[in-house]
Amino acid sequence: MPVPLVLASASPARLATLRGAGIVPHVQVSQVDEPVVVSRIEAGRGPLCPADHALVLAEAKRDDVAEALQVQGRTDRLVLGCDSVLELDGQVHGKPGLAQVAIERWRTMRGRSGTLHSGHALIDLRTGRSVSRTASTVVHFADLTDDEVVEYVATGEPLRVAGAFTVDGLGGAFVTGIEGDHHNVVGVSLPLLRELLLTLGVGWFDLERVTPGTTV
């Protein structure tokens, strides 16, 4: 029987990426309070590097949804948690939230390069086995004019995404190059997901997939 994959993320881009690869994920958004999780972990371990920041949040989202599914008795599936942050000058940049924050961030980013880290955390509820890793991709940004920065932020897109940019949306015109996995910048690295699945003894084609000849 095909194994259901639950995506513990509200990201439309992650969902579209998985569907584009022929996978039919079930979406169940986690209820994780991200600042609280990071603060708790840093209290015990000290400041997290950007890559670990993404990973611990991915693990927290995975575990939150996995626990909810276990309570519901739905233990026949895999759960994937993901989180992405942009590293620039050693600092973590998530979703800006506010227009002015996005504008200032783009004024810092333009004409430069940053590293997009996406944490991937997977658990097989059938066995209880879990695995997690971070994928990192270097992103080169165009040297936007002040007007372009303001106009792009006015679309609202940068406010809702890690690093204040997309590569698969309106922000694609402002990314001049990528070193690494393109899908990782979107939010989920398909090659890394395949490797994590194999670590758990699950084949890529073992997952619930789109029936040939149909669309999702």
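Predicted model only: the values in this text are computed from it and were never measured.
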Would you name the heavy atoms of [X] and [Y] that are closest together and state the gap between them?
X	Y	value
Val85	His53	CG1-ND1, 3.7 Å
Ala60	Val37	CB-CG1, 4.0 Å
Ala21	Trp204	CB-CZ2, 4.1 Å
Leu159	Ala99	CD2-N, 3.9 Å
Ala58	Gly119	CB-O, 3.4 Å
Ile23	Pro25	O-CD, 3.1 Å

### Task
Kindly indicate, with the supporting measurements, whether the criterion side-chain contact (heavy atoms from CB on, under 4.5 Å) is fulfilled by Val29 and Leu7.
CA-CA 8 Å; Val29 182; Leu7 176 62; over 6 Å; no
Measuring from [X]:[atom1] to [Y]:[atom2], what's the distance to the nearest 0.5 Å?
X	Y	atom1	atom2	result
Leu5	Leu197	CG	CG	7.5 Å
Gln28	Asp64	CD	CG	8.5 Å
Leu200	Leu78	CG	CG	7.0 Å

Do [X] side-chain atoms and [Y] backbone N/O form a donor-acceptor pair below 3.5 Å?
X	Y	result
Glu157	Leu170	yes
Thr155	Tyr152	yes
Thr134	His117	no
Glu87	Gly114	no
Ser118	Asn184	yes
His120	Ser189	yes
Glu42	Leu48	yes
Arg129	Thr199	yes

With a 4.0 Å cut-off on N to O distance, would you call [X] and [Y] a salt bridge?
X	Y	result
Asp83	Lys61	yes
Glu148	Arg110	no
Asp89	Arg112	yes

### Task
For Arg209, enumerate each residue passing the salt bridge (charged side-chain N to carboxylate O under 4.0 Å, His left out) test, keeping only those at least two apart in sequence or located in another chain.
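Here no residue qualifies.
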When you compare the side chain of [Y] with that of [X], does any pair of heavy atoms fall below 4.5 Å?
X	Y	answer
Asp76	Pro4	yes
Val79	Leu125	yes
Phe174	Phe141	no
Val167	Val139	no
Arg45	Val56	yes
Leu193	Leu18	yes
Arg105	Leu88	no

Check this for me: [X], atom [atom1], are more than 12 non-hydrogen atoms of other residues, nucleotides or ligands nearer than 6.0 Å?
X	atom1	value
Arg107	CZ	yes
Gln91	CD	no
Glu67	CD	no

### Query
Regarding Gln100 and Glu104, is there a side-chain donor-to-acceptor distance under 3.5 Å anywhere?
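Indeed, the side chains of Gln100 and Glu104 share at least one donor-acceptor pair under 3.5 Å.
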### Task
Give the C-alpha distance, both sets of side-chain angles, the deciding distance and a yes or no for side-chain hydrogen bond (donor to acceptor under 3.5 Å, both in side chains) between Ser113 and His140.
CA-CA 4 Å; Ser113 301; His140 303 287; 2.4 Å; yes
### Message
Would Arg133 and Leu192 count as a side-chain contact (heavy atoms from CB on, under 4.5 Å) here? Give the steps.
### Response
CA-CA 8 Å; Arg133 279 173 55 192; Leu192 177 55; 3.4 Å; yes
### Task
Go through the steps to decide whether Val24 and Leu207 satisfy the test side-chain contact (heavy atoms from CB on, under 4.5 Å), and finish with yes or no.
CA-CA 8 Å; Val24 184; Leu207 298 177; over 6 Å; no
#### Entry: Ser84 vs Arg14, side-chain hydrogen bond (donor to acceptor under 3.5 Å, both in side chains): CA-CA, chis, key distance, verdict
CA-CA 11 Å; Ser84 299; Arg14 291 192 181 107; 3.1 Å; yes
### Query
Yes or no on side-chain contact (heavy atoms from CB on, under 4.5 Å) for Arg77 and Arg126, after CA distance, side-chain angles and deciding distance?
CA-CA 7 Å; Arg77 53 204 62 200; Arg126 300 170 304 170; over 6 Å; no
### Query
Does the pair Ser132 and Glu59 meet the rule for a side-chain hydrogen bond (donor to acceptor under 3.5 Å, both in side chains), with working shown?
CA-CA 7 Å; Ser132 58; Glu59 291 173 338; 2.5 Å; yes
### Query
Would Asp181 and Thr137 count as a side-chain hydrogen bond (donor to acceptor under 3.5 Å, both in side chains) if you check the C-alpha gap in whole Å, the side-chain angles of each, and the deciding distance to 0.1 Å?
CA-CA 6 Å; Asp181 179 15; Thr137 304; 6.0 Å; no
